[in-house]
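All remarks here apply to the structure that follows.
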Amino acid sequence: MSTLPAPPTGSSGDPVGEVIVDWYAGAARDLPWRAPGTDPWAVLVSEVMLQQTPVARVEPVWREWLARWPTPAAMAQASPAEVIRAWGKLGYPRRALRLREAAVAVTERHGGLVPAEVEELEALPGVGTYTARAVSCFGHHRRQPVVDTNVRRVVARLVHAQAEAAPARAADLTDIAALAPEDHDRAVRFSVAVMELGALVCVAGTPRCPACPVRDRCAWRLAGSPAYDGPPRRVQGFAGTDRQVRGRLLDVLRAASEPVPAEALTPVWDDAVQRSRCLDSLLVDGLVAQTEDGRFTLPD
DNA sequence: AATCCGTGGAG
DNA sequence: TCTCCAAGGAT
């Protein structure tokens, strides 16, 4: 994907939304959850897995999950331990728990069918503003503005002449809706097309403007591509954090075939206070359970 | 509203 | 090596 051909920029009369949809037709990645006929449950699984996790890491796990749990009803019968293990090392394993809880809710409240309405989707565990609209649009083909970090970045540059996206805000939805084509099917495709543009061309690091189909109408470029001038953004650290410790603890329990005594968890982190705090938080989160004899395990 | 929640590839 | 960051959500 490093050598996308420079596309024509489109006649200046074409609305940018139409141009982006046309670009998508030739540039889109062939991702399995985009195959025609992919059902809303499969889309929901992909969207939750893709939260803060790169496409390449999601693909194989997504295939395994859909083969094993092809419907919400199937997943609703799985245990937390099963889904935590199947989640593997995608990261943020609470997502696995919530996806299972969402499957239970869909089975109980929606007759086993993933709903199409944003309001109902947002009521599901682990489903927020972005994921609800993504499932409604990509899974049910509803006309729906969908805003993720890619879309916010594209709009920041293309419309607002800003180098980077500001934090999410409610107006993001109306910003992108204003650019969507009138035709229903093209509007649906537009939602995924803008995300793809942000993922492949209008990227966070150094944008590939020569490959951009709307480069000649990008407000940021027209302004001379000014550098980011907002407040400094903090990048989350990892080494030494509770996240790292929790990850190591869970790693041991995922690999264990039986409950393990506390001593087996000692080697993963020297600081006993932090280790204990993290184990407690995993228990609170429902990612770890304790047996009657005090050993630790993934919850059944 | 700011912070927390994993992991690993890329530059 | 080290920094950045990848289809967010919950609190």
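Protein chains get the first letters and strands the later ones, always in sequence-line order, with residue 1 at the start of each.
Looking at residues 235-250 of chain A, you'll see A:Gln236, A:Phe238, A:Asp242, A:Arg243, A:Arg246, A:Gly247 sit with a heavy atom under 4.0 Å from some atom of DNA chain B. Of the residues in residues 280-289 of chain A, not one places a heavy atom less than 4.0 Å from an atom of DNA chain C.
A distance-only check finds a donor-acceptor pair linking the side chain of A:Trp41 to the backbone of A:Trp69 [under 3.5 Å]. One N or O on the side chain of A:Arg208 and one on the backbone of A:Leu200 form a donor-acceptor pair closer than 3.5 Å.
Counting non-hydrogen atoms under 4.0 angstrom, A:Gly128 reaches the backbone sugars and phosphates but no base. Here A:Thr206 lies out of heavy-atom contact (under 4.0 Å) with every strand. Using a 4.0 Å heavy-atom cutoff across all strands shown, A:Val58 reaches no nucleic acid atom at all. Nucleic acid contact class of A:Arg152 (heavy atoms, under 4.0 Å, all strands): none. At the heavy-atom level, A:Ala204 lies under 4.0 Å from the strands shown only through sugar-phosphate atoms. Within 4.0 Å (heavy atoms only), A:Pro93 reaches sugar-phosphate atoms of the nucleic acid but no base atom. Among the atoms of the strands shown, only primed sugar atoms or phosphate atoms (P, OP1, OP2) are found under 4.0 Å from some heavy atom of A:Thr131. Using a 4.0 Å heavy-atom distance criterion, A:Arg254 is classed as a sugar-phosphate-only contact. Base contact: A:Trp33 has a heavy atom under 4.0 Å from a base atom.
No more than 12 heavy atoms of other residues, nucleotides or ligands lie within 6.0 Å of CG in A:Asp270, so this atom counts as exposed by the packing criterion.
Along DNA chain C, the nucleotide nearest A:Ala132 and the nucleotide nearest A:Glu164 are compared for position; the residue whose nucleotide lies closer to the 5' end is A:Glu164.
When the nucleotides B:dC5, B:dT7, B:dG6 are ranked by their closest atom to the side chain of A:Arg94, B:dC5 comes out on top. Checking C:dA10, C:dA7, B:dG6 against every side-chain atom of A:Asp148, the shortest atom distance belongs to C:dA7. Of the candidates B:dT7, B:dG6, C:dA7, C:dA7 carries the atom nearest the A:Thr149 side chain, counting heavy atoms from C-beta on.
Of the P atoms belonging to C:dT11 and B:dG6, the separation is 14 Å, rounded to the nearest Å. With P as the reference atom, C:dA7 and B:dT3 are 23 Å apart, rounded to whole Å.
Regarding A:Glu59, its CD atom lies at a distance of 16 Å from the C1' atom of B:dG9, rounded to whole Å. The distance between atom CZ of A:Arg98 and atom C1' of C:dG8, rounded to the nearest whole Å, is 10 Å. With rounding to whole Å, A:Met195 atom CE is found 11 Å from C:dG8 atom C1'. Look at CZ on A:Arg153: it is 12 Å from C1' on C:dC4, rounded to the nearest Å. If you take CZ of A:Arg277 and C1' of B:dC5, they are 14 Å apart, rounded to a whole angstrom.
For A:Thr53 against B:dG6, a side-chain-to-base donor-acceptor contact under 3.5 Å is present.
Counted by atom type alone, A:Gln51 and A:Tyr130 present zero donor-acceptor pairs between their side chains at under 3.5 Å. Checked by atom type, the side-chain pair A:Arg133/A:Ser191 shows no donor-acceptor distance below 3.5 Å.
Remark: A:Gln52 is in phosphate contact with C:dG8, judged by side-chain N or O atoms under 4.0 Å from OP1 or OP2.
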